[in-house]
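I have placed the structure first, in the form of structure tokens, so that the comments after it can refer back to it.
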Amino acid sequence: MTLGVIVFGVTGLTLSGGFVRDIYAQLAEALIHSQSGHLQVSRTGYFSYGSRSPEKFVIAGPESVRTQLVAMPESMTCSRGCISRIA
């Protein structure tokens, strides 16, 4: 009986921990997709017409764009290679 209660408690804590971690991951994704909190670079017309066919608005040569962004004095690179903007 005691072992069952311990197993039940550990299972509950593990599931609730995963639930909370997933909520934070989903919140981060929602912030990115809400077009706030990140610098978003797109081709002309993407925000008007890109939702129906985003493959037509792929940036050719994204490394050159990234190099230009890193060269800006008000931006810096993150540890994972992303670019963050300093306000």
Side-chain angles (χ1 to χ4, degrees):
M1 172 105 166
T2 304
L3 183 61
V5 171
I6 291 172
V7 168
F8 182 75
V10 169
T11 302
L13 287 173
T14 302
L15 289 176
S16 65
F19 178 73
V20 169
R21 185 174 295 190
D22 185 60
I23 285 178
Y24 281 119
Q26 294 297 323
L27 181 63
E29 287 295 317
L31 182 66
I32 292 168
H33 293 289
S34 69
Q35 300 177 0
S36 62
H38 282 69
L39 172 67
Q40 295 194 354
V41 179
S42 65
R43 288 182 52 189
T44 304
Y46 173 76
F47 293 108
S48 300
Y49 309 107
S51 62
R52 294 198 179 251
S53 55
E55 69 279 354
K56 293 180 182 176
F57 296 93
V58 174
I59 295 176
E63 280 304 313
S64 66
V65 174
R66 184 181 186 285
T67 303
Q68 291 174 5
L69 289 172
V70 170
M72 293 177 148
E74 63 271 2
S75 64
M76 66 178 199
T77 56
C78 300
S79 60
R80 292 183 293 175
C82 60
I83 298 174
S84 65
R85 192 99 172 147
I86 300 175

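Side chains included, hydrogens not; waters and symmetry mates left out as well; all remaining heavy atoms used. Just so it is clear, the structure is predicted and the values come from calculations on it, not from any experiment.
Considering CD1 of Ile6 and OG1 of Thr11, their distance stands at 11.5 Å, rounded to 0.5 Å.
Shown here for Tyr46 and Pro54, the closest heavy-atom pair between the two residues is CE1-CB, 4.1 Å. Contact between Arg43 and Lys56 at its shortest, heavy atoms only, is NH1-O, 3.5 Å.
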